[in-house]
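Below you'll find the structure, written out as structure tokens, and then a few comments.
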Amino acid sequence: GLHMAFYIQDDYKLSRRLTLNLGLRYELPMPLLAINDAAMKYVPGAKSTVYVNAPPGVLFYGDPGVPRTGRNAVKNLFAPRVGLAYTLTGDQKTVLRAGYGVYYNPSWSNIQGQFAIYQPFTRIIDINAPASTANPWANFPGGNPHPYTPNKNSPFDNEITGLSYGPNFKELNMQQWNVNIQREFARDWLVTVGYVGSKGTNIPYLRDINQAIYIPGASTAANINQRRPLAPYFARFSFIESVTNSSYNSLQASVDKRLSHSVTVLMSYTFSKALTDLNTVLTNNGGVQDANNRRAEWGPADHDRAHAFVTSWVWQVPSPFGKRGLGHAIFGGWELNGIGSMYSGAPLQFATSQDRALRGQPNRPDRIKDPRLDPGRPRVDFIAQYFDRTAFVPNQTGQFGNAPRAEGQLRAPGTIDVTAGIMKRFRGIRESHQLQFRTELFNSLNRPNFGAPGTNPDTPGNYGRITSAADGRIIQFGLKYIF
């Protein structure tokens, strides 16, 4: 696919204190074009003349109203940008900055490229009991169908998986905005406090339009495909839709000491909330349990971390013996550095192994009470039962569970990690050469950072229990010669 973009941008210094930046970008992402014109479009009741054996409703390039790429290009993607910087004080040390922009992301090839693995463009046949390994096609009608080339009379199997662009497909859109105040104080110290936000719309998602219908007294796991609206032609049929959303709001603060007196330090803290109605777009239905009720999926994103603190430092230790002599060779050229981080936990996500809703979709349990337990319990109790296991029960037959997609009130353990490094520089064989000896300590505090507990009520062995942790302290040595 061809992606073209044009932009215009300029800075306007409106006064000694105020600078304005204005810009406009125009995006023209062309849909991906497959070598064999692999694309499909679903039109209920229509019949293809390009592939005459195709199931009803599935059309291809060459049929009326079907472009070669399966969809038309979106041509109204204008993305304005605006930014400003305003000096609040006469000493030029306090500055207000703000910005807003609209951004578009071209469709991902790993979604659009999936057409090539669907019939009729690919012929996939499962033979559960081949006649022999030497000739597995001996008992297959017509013999070995490979090499396979699509043609007008290509066969279509029943209960195949279908794929089509949805009627509302657009390019992913992201709006981002921020406002912050920066203040320089003392010498080489800079403090920044600000608000950063974003809003995502038209995020692509694969929705199963052929979700099975539950029939009381006549529904089993074995007849799911027979209860689908497009039976017997299709099992799952995914629409590539651009209907999901996301939002992010955060308070961000940082302290930055620029390198002086052989020391540099950077500290940052973020208090944020990330919300979405879908965690992944690369799997069928994206983990949504009811394809017809995406509203029930809105909640914290799987990467949501309410609190995040990160710091880094470098200290080039000065030599007490100057830059020459044996004293410098021993005590000079040392450097201490490190990175420290603290993150609050991610929201827990509960799921069941069994499809009790009998719809051919992922299931979640029912949440019947507050699952939180006293956080001040001893560590051994904390590991053995992270939350109240009786708070979640399997969903009822034919019903989707009422547990949220992500538990905003119940989160996995947070993490604290400090990586420290010590480096010594030696002069090499020549004056321009250098030998570096480095020691790094990962998780130098040897703190146990526990993994998330089991969240599947159908696996009682680890349900509610913590069974994993990140690595303990790891020490690494390195030697490098620079010439």
Side-chain angles (χ1 to χ4, degrees), residues 1-7 25-79 102-124 148-154 156 160-174 200-210 230 233-234 236-244 278 280-286 291:
L2 178 65
H3 182 189
M4 295 182 289
F6 308 89
Y7 72 94
R25 185 179 178 92
Y26 173 68
E27 305 272 2
L28 184 59
M30 306 303 292
L32 293 179
L33 178 63
I35 295 177
N36 60 350
D37 298 330
M40 294 182 283
K41 182 177 181 180
Y42 183 73
V43 179
K47 183 65 178 174
S48 175
T49 59
V50 177
Y51 295 98
V52 295
N53 295 320
V58 182
L59 302 181
F60 304 87
Y61 174 62
D63 288 319
V66 181
R68 191 175 182 186
T69 57
R71 67 178 181 93
N72 295 316
V74 180
K75 300 180 180 179
N76 61 345
L77 305 182
F78 292 93
V102 176
Y103 305 85
Y104 293 97
N105 187 30
S107 300
W108 302 325
S109 59
N110 53 359
I111 291 181
Q112 299 188 125
Q114 291 187 30
F115 285 107
I117 65 174
Y118 288 82
Q119 292 187 10
F121 310 110
T122 298
R123 183 77 167 131
I124 300 176
Y148 170 76
T149 302
N151 60 76
K152 183 175 183 178
N153 296 307
S154 290
F156 285 77
I160 61 174
T161 302
L163 181 70
S164 172
Y165 286 108
N168 54 6
F169 187 83
K170 301 177 182 178
E171 305 298 333
L172 186 155
N173 170 270
M174 176 68 73
T201 54
N202 301 329
I203 302 174
Y205 140 72
L206 301 181
R207 180 175 72 91
D208 184 9
I209 65 168
N210 200 29
L230 302 182
Y233 304 107
F234 294 101
R236 182 183 299 274
F237 197 110
S238 298
F239 260 18
I240 307 176
E241 297 186 325
S242 50
V243 293
T244 60
L278 192 67
T280 175
V281 301
L282 302 182
T283 59
N284 285 324
N285 244 34

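Within the model, atoms OH of Tyr104 and NE2 of His3 stand 11.5 Å from one another, a figure rounded to the nearest 0.5 Å. Rounding to the nearest 0.5 Å places CG of Asn53 at 10.5 Å from CD of Gln119. Rounding to the nearest 0.5 Å gives a distance of 12.5 Å between CZ of Arg207 and OG1 of Thr244. We find the CE-CG distance between Met174 and Asn105 to be 8.5 Å, quoted to the nearest 0.5 Å. One finds the CD1 atom of Ile117 at 7.5 Å from the OG1 atom of Thr122 (value rounded to the nearest 0.5 Å). Taken to the nearest 0.5 Å, the OH atom of Tyr42 stands 4.0 Å off from the CG atom of Leu230.
The 12-atom threshold is not exceeded at OH of Tyr233, counting heavy atoms of other residues, nucleotides or ligands nearer than 6.0 Å. The 12-atom threshold is exceeded at NZ of Lys47, counting heavy atoms of other residues, nucleotides or ligands nearer than 6.0 Å.
Looking at Leu59, Asp63, Asp37 one by one, the single match for side-chain contact (heavy atoms from CB on, under 4.5 Å) with Val50 turns out to be Asp63. Exactly one of Leu28, Leu32, Leu33 qualifies for a side-chain contact (heavy atoms from CB on, under 4.5 Å) with Met30. That residue is Leu28.
With Phe169 as the aromatic partner, Arg71 does not meet the cation-pi criteria of under 6.0 angstrom to the ring centre and within 45 degrees of the ring axis.
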Please report the C-alpha distance between Gln114 and Ile240 in whole Å, then the side-chain angles of each, then the deciding distance to 0.1 Å, and finally whether the side-chain contact (heavy atoms from CB on, under 4.5 Å) criterion is met. CA-CA 11 Å; Gln114 291 187 30; Ile240 307 176; over 6 Å; no

Carefully, step by step, assess Ile160 and Phe234 under the rule side-chain contact (heavy atoms from CB on, under 4.5 Å). CA-CA 5 Å; Ile160 61 174; Phe234 294 101; 3.8 Å; yes

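No side-chain N or O of Asn168 forms a donor-acceptor pair with one of Ser242 less than 3.5 Å apart.
The shortest non-hydrogen separation linking Phe115 to Leu163 is CE2-O, 3.4 Å. In terms of heavy atoms, Ser164 sits closest to Lys41 at OG-CA, 3.4 Å. The minimum heavy-atom distance linking Ser48 with Ala54 is given by the pair CB-CB, 4.3 Å. The minimum heavy-atom distance linking Leu172 with Pro204 is given by the pair CD1-CD, 3.8 Å.
With ring centers used as reference points, Phe156 lies 6.0 Å or more from Tyr118.
Formation of a donor-acceptor pair under 3.5 Å by the Ser154 side chain with backbone atoms of Asn151 is found in this model. In this structure, the side chain of Asn210 does not engage the main chain of Arg236 through any donor-acceptor pair within 3.5 Å. Remark: side-chain polar atoms of Tyr148 are paired, donor with acceptor, to backbone N or O of Pro120 under 3.5 angstrom.
Using the six-membered ring where Trp is involved, Phe60 and Phe121 have ring planes that are perpendicular, over 60° apart on the 30 and 60° scheme. Between Phe6 and Tyr26, the ring planes lie parallel to each other; the angle is under 30°, not in the 30° to 60° tilted range.
The side-chain heavy atoms of Asn202 and Val243, taken from C-beta on, include no pair separated by under 4.5 Å.
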